[in-house]
Amino acid sequence: QVQLVESGGGLVEVGGSLTLSCGASRGTLSRQIVAWFRRAPGKEREFVAAISPSGGSTYYRGSVKGRFTISRENSNNTVFLRMDSLKPEDTVNFYCAAQLASRDYVDPRIHADARTFRSWGQGTQVTVSS
């Protein structure tokens with residue numbers, strides 16, 4: 001089981017951009033499906049995006065498609081979430097999660113479900129000011 005660490009959160013203005021990073025302090029991500037989830041205060045955790053081990057398969061939540069881009073650098077053991085055109089409703093905690101992949105494919109039926117993932121980071125806060 002990998003140990004995940006997120007970074008890159010912070011304060012940004014509406015319409016601005018941030019790139020979050022998810023690294024492994026223990027273990028390797030190269031064989032893992034990695035996903036980003038988010039949780040607003042008092043709300044359920046919700047799926048944002050996921051990427052397959054090679055990076056060749058990705059899947060996004062509809063509301064972030066075209067604004068967010070998930071990518072990975074296996075050589076650096078890191079997965080990124082580039083967020084553009086940020087909105088006030090993007091003010092939430094973001095978490096990365098990882099699960100050993102059985103194949104190089106993101107299956108939305110499986111990987112958009114938080115229960116699929118065994119490894120989680122502590123989260124990084126994003127605040128979008130209007």
Side-chain angles (χ1 to χ4, degrees):
Q1 194 166 335
V2 296
Q3 284 189 334
L4 303 176
V5 180
E6 303 96 335
S7 61
L11 177 64
V12 63
E13 293 184 348
V14 168
S17 299
L18 276 177
T19 297
L20 306 182
S21 299
C22 173
S25 59
R26 184 181 71 188
T28 178
L29 292 178
S30 62
R31 296 173 58 200
Q32 310 271 335
I33 296 276
V34 178
W36 287 95
F37 288 80
R38 64 186 182 187
R39 176 183 277 165
K43 295 191 176 181
E44 294 291 318
R45 181 170 45 189
E46 63 181 21
F47 171 81
V48 176
I51 189 166
S52 66
S54 74
S57 176
T58 58
Y59 178 70
Y60 295 90
R61 173 180 203 83
S63 61
V64 307
K65 200 175 295 184
R67 297 194 300 125
F68 292 7
T69 304
I70 191 170
S71 62
R72 65 192 302 158
E73 290 182 2
N74 286 338
S75 59
N76 288 322
N77 216 21
T78 305
V79 172
F80 304 97
L81 184 69
R82 165 81 179 188
M83 304 184 295
D84 296 314
S85 303
L86 284 163
K87 305 175 181 180
E89 53 263 41
D90 295 318
T91 296
V92 293
N93 263 310
F94 283 81
Y95 301 85
C96 67
Q99 180 62 32
L100 191 63
S102 58
R103 54 178 180 156
D104 190 37
Y105 174 70
V106 177
D107 186 338
R109 299 169 299 175
I110 299 171
H111 301 118
D113 187 341
R115 295 171 296 180
T116 295
F117 296 89
R118 298 186 63 184
S119 299
W120 289 85
Q122 294 300 305
T124 186
Q125 174 70 36
V126 171
T127 302
V128 183
S129 65
S130 55

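Because the structure is predicted, anything quoted here is derived from the model rather than measured.
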Work out which heavy atom in [X] is nearest to a heavy atom in [Y]; give both atom names and the distance.
{"X": "Ser85", "Y": "Ser17", "value": "N-OG, 4.4 Å"}
{"X": "Gly27", "Y": "Ala24", "value": "O-CB, 3.5 Å"}
{"X": "Ser54", "Y": "Gly56", "value": "OG-N, 3.0 Å"}
{"X": "Ser21", "Y": "Trp36", "value": "O-CH2, 3.6 Å"}

Between [X] (side chain) and [Y] (backbone), is there a donor-acceptor pair under 3.5 Å?
{"X": "Thr78", "Y": "Asn76", "result": "yes"}
{"X": "Asp113", "Y": "Ile110", "result": "no"}
{"X": "Glu6", "Y": "Cys96", "result": "yes"}
{"X": "Glu46", "Y": "Arg38", "result": "no"}
{"X": "Ser30", "Y": "Asn74", "result": "no"}
{"X": "Ser57", "Y": "Ser52", "result": "no"}
{"X": "Arg72", "Y": "Gly55", "result": "no"}
{"X": "Asn77", "Y": "Leu29", "result": "yes"}
{"X": "Gln32", "Y": "Leu100", "result": "yes"}

Roughly how far, to the nearest 0.5 Å, is the [atom2] atom of [Y] from the [atom1] atom of [X]?
{"X": "Thr58", "Y": "Ile51", "atom1": "OG1", "atom2": "CD1", "result": "6.5 Å"}
{"X": "Tyr60", "Y": "Thr69", "atom1": "OH", "atom2": "OG1", "result": "4.5 Å"}
{"X": "Arg109", "Y": "His111", "atom1": "CZ", "atom2": "NE2", "result": "10.5 Å"}
{"X": "Phe68", "Y": "Arg82", "atom1": "CZ", "atom2": "CZ", "result": "11.0 Å"}
{"X": "Met83", "Y": "Ile70", "atom1": "CE", "atom2": "CD1", "result": "11.5 Å"}
{"X": "Ser7", "Y": "Gln122", "atom1": "OG", "atom2": "CD", "result": "13.5 Å"}

Same cluster for [X] and [Y] if Ile/Leu/Val/Met/Phe/Trp/Tyr side chains link at under 4.5 Å?
{"X": "Leu18", "Y": "Val48", "result": "yes"}
{"X": "Val92", "Y": "Phe47", "result": "no"}
{"X": "Phe117", "Y": "Leu4", "result": "no"}
{"X": "Val79", "Y": "Val2", "result": "yes"}
{"X": "Val64", "Y": "Leu86", "result": "yes"}

So with a 6.0 Å cut-off around [atom1] of [X], is the heavy-atom count from everything else above 12?
{"X": "Arg61", "atom1": "CZ", "answer": "yes"}
{"X": "Glu89", "atom1": "CD", "answer": "yes"}
{"X": "Glu13", "atom1": "CD", "answer": "no"}

Do [X] and [Y] have side-chain heavy atoms sitting under 4.5 Å apart?
{"X": "Ile33", "Y": "Val106", "result": "yes"}
{"X": "Val14", "Y": "Pro88", "result": "yes"}
{"X": "Trp120", "Y": "Arg45", "result": "yes"}
{"X": "Leu20", "Y": "Val126", "result": "yes"}

Tell me which pairs pass side chain to side chain donor-acceptor pair (under 3.5 Å) where either residue lies in residues 91-101, with sequence neighbours left out.
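For residues 91-101, and leaving out neighbouring residues, the side chain to side chain donor-acceptor pair (under 3.5 Å) pairs sorted by first residue read Asn93-Gln125.
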